[in-house]
S.K.: 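Below is one structure. I have some questions about it.
From a predicted model like this one, the values you see are computed outputs, not experimental measurements. When a ligand or atom number is given, it counts from 1 through the structure's own listing order. Hydrogens, waters and symmetry mates are skipped; everything else that's a heavy atom, side chains included, is used.
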Amino acid sequence: MTQGRAGAGSSVTPPRELFEILAKPSGPVLCLGHVHPDGDVLGTLLGLGLALGAAGSSVTFAGPHPVPGVLSFLPGSDRWQVWTTAPGHFDVIVMTDCPNSDRSEGLLEGARGPASRVLNIDHHPDNRRYGTIDWIDPSAAATGEMVFDLVRALGLTITPAVALNLFTAIHTDTGSFRYSNTTPRTFRIAAELTAAGADPALVSDRLYQQRARDSLVQLGSVLRRVEVSPDGQVAWLTVPRDFVSREFVESEDLVSYPRSVGRVKVALLLREEAPGTIKVSLRGKGDVPVNEIAHRFGGGGHENAAGCTLSGTLEEATAALLQAVRESMGTARP
Ligand code: AMP
Ligand code: MN
Ligand code: MN
């Protein structure tokens, strides 16, 4: 796929074929999300879809799971549909931030007809290239950076609603511009989005300053469960099912707490999603590529942020993960 860089940290050119399809969509466009949608997938799909809609396209937004309450401030999120099966085929299907088609829970297969063009726009290095056109840029901190360049290249208007969506995509994937994926390009795009009407204070307020009082009680009980290895390099948090509410777990970035302990190189969050199903989030700080650990369990992600799902009890999953982390650290780069 041809993809040009106009210079370090400046804008990136989307592949010509992708540009041409979106410049003149011939029919309905489906913006399709991945499981448990986060700020990057929602912000990019809503931002691009609203911009295409304003230019005259018929756009549908859908995914296998609803918009979490904490992200319901995103403009256009009231149009998000939750599907168990796709209602029919679409001419153009845009998927963003989605490394493999399994993460649409079968919706991509249902919406994809013989003539459909699937546009796979992502920044995961392990993207499985399931699109008709795959535009993958692992150097982007968030898919939001890529979609900003795309919207610009298409000459679409960046309204305040589009800007707020794209800004939130970048804000969430960079941990509020704190993680090592944050680059000059990130700040340049964030500055342009702010100038176009995204309000950084509003985003921080909606994401972090709207907790229910009860959340602090739940946070207190969860934080007591953080464990740290004797050498201080691994920290983990296990959350049994029904220990706290699902809403609470989904609205808090719980893995950031074990990650925040000094000297920790790998942080884990293991939560029992259903009896016998353990969802794991892994975070690194540049020393250990945690996506390699996630791959061993059929998951994936970025070097410093990855995930996987295991079968078994919380104790079994914790033991398996800690063993894998130890093995990786033995061979980790110095
Ligand atoms: P999370 O810990 O769920 O916030 O996910 C961190 C990163 O890992 C995100 O970029 C996800 O796309 C990716 N990821 C999480 N779970 C999986 C999985 N089961 N398979 C592939 N990638 C995953
Ligand atoms: Mn995502
Ligand atoms: Mn992302």
S.K.: V280 and side chain to side chain contact (heavy atoms under 4.5 Å, CB included): which partner among T309, V255, L321?
M.R.: L321
S.K.: Does any N or O in the side chain of E272 come within less than 3.5 Å of the main-chain N or O of R241, such that one atom is a donor and the other an acceptor?
M.R.: yes
S.K.: Return the minimal non-hydrogen interatomic distance between W236 and V228, and the atom names on each side.
M.R.: CZ3-C, 4.0 Å
S.K.: Distance only, no hydrogens: is a donor on one side chain within 3.5 Å (strictly under) of an acceptor on the other, for S101 and S104?
M.R.: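 Looking only at side-chain atoms, S104 and S101 do not form any donor-acceptor pair under 3.5 Å.
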S.K.: Check D173 and report its N/O/S atom nearest to the Mn ion (ligand 3), by atom name.
M.R.: OD2
S.K.: With the Mn ion (ligand 2) at the apex, how many degrees lie between NE2 of H34 and OD2 of D97, rounded to 10 degrees?
M.R.: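 NE2 of H34, the Mn ion (ligand 2) and OD2 of D97 span an angle of about 100°.
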S.K.: Distance to 0.1 Å, residue and atom name: give those for the protein heavy atom nearest to atom 7 (C) of ligand 1.
M.R.: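 Ranking protein heavy atoms by distance from atom 7 (C) of ligand 1, first comes A305 O, 3.5 Å.
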S.K.: Tell me whether the Mn ion (ligand 3) has H302 as a neighbour, meaning an N, O or S atom of it below 2.8 Å.
M.R.: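 Given the 2.8 Å cut-off, H302 does not count as a ligand of the Mn ion (ligand 3).
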S.K.: Just checking: D40, one of its N/O/S atoms, less than 2.8 Å away from the Mn ion (ligand 3), yes or no?
M.R.: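 So D40 does bind the Mn ion (ligand 3) by this criterion.
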S.K.: Measuring from atom CZ of F187 to atom CD of E192, what distance do you get when rounded to the nearest 0.5 angstrom?
M.R.: 14.5 Å
S.K.: Tell me, please, whether F248 has R211 positioned over its six-membered ring: NZ or CZ under 6.0 Å from the ring centre and within 45 degrees of its axis?
M.R.: no
S.K.: Which residue from A294, A306, G307 reaches closest to atom 17 (C) of ligand 1 through any of its heavy atoms?
M.R.: G307
S.K.: Suppose we only allow N, O or S atoms; which atom of D38 ends up nearest to the Mn ion (ligand 2)?
M.R.: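 Closest to the Mn ion (ligand 2) among those atoms: OD2.
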S.K.: What's the shortest distance from atom 2 (O) of ligand 1 to any protein heavy atom, and which residue and atom give it?
M.R.: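 Scanning the protein heavy atoms, the shortest distance from atom 2 (O) of ligand 1 goes to S281 OG, 2.6 Å.
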S.K.: Give the single entry among G301, G300, A142, G299 that approaches atom 23 (C) of ligand 1 most closely by any heavy atom.
M.R.: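 Residue with the shortest heavy-atom distance to the ligand atom: G300.
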S.K.: Check the side chains of H124 and D122 for a donor-acceptor pair under 3.5 angstrom, ignoring hydrogens and angles.
M.R.: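 Per modelled atom types, D122 and H124 side chains form a pair under 3.5 Å.
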S.K.: Specify the protein heavy atom at minimum distance from atom 3 (O) of ligand 1: its residue, its atom name, and the distance to 0.1 Å.
M.R.: K279 NZ, 3.1 Å
S.K.: Could you tell me whether some N/O pair between R283 and ligand 1 is separated by less than 3.5 angstrom?
M.R.: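 The answer is yes, given that R283 and ligand 1 share an N or O pair closer than 3.5 Å.
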S.K.: Closest by any non-hydrogen atom to atom 19 (N) of ligand 1: pick that one out of R103, H123, H302, H124.
M.R.: R103
S.K.: If you round to the nearest 0.5 Å, how far is CG of L269 from CG of L254?
M.R.: 5.5 Å
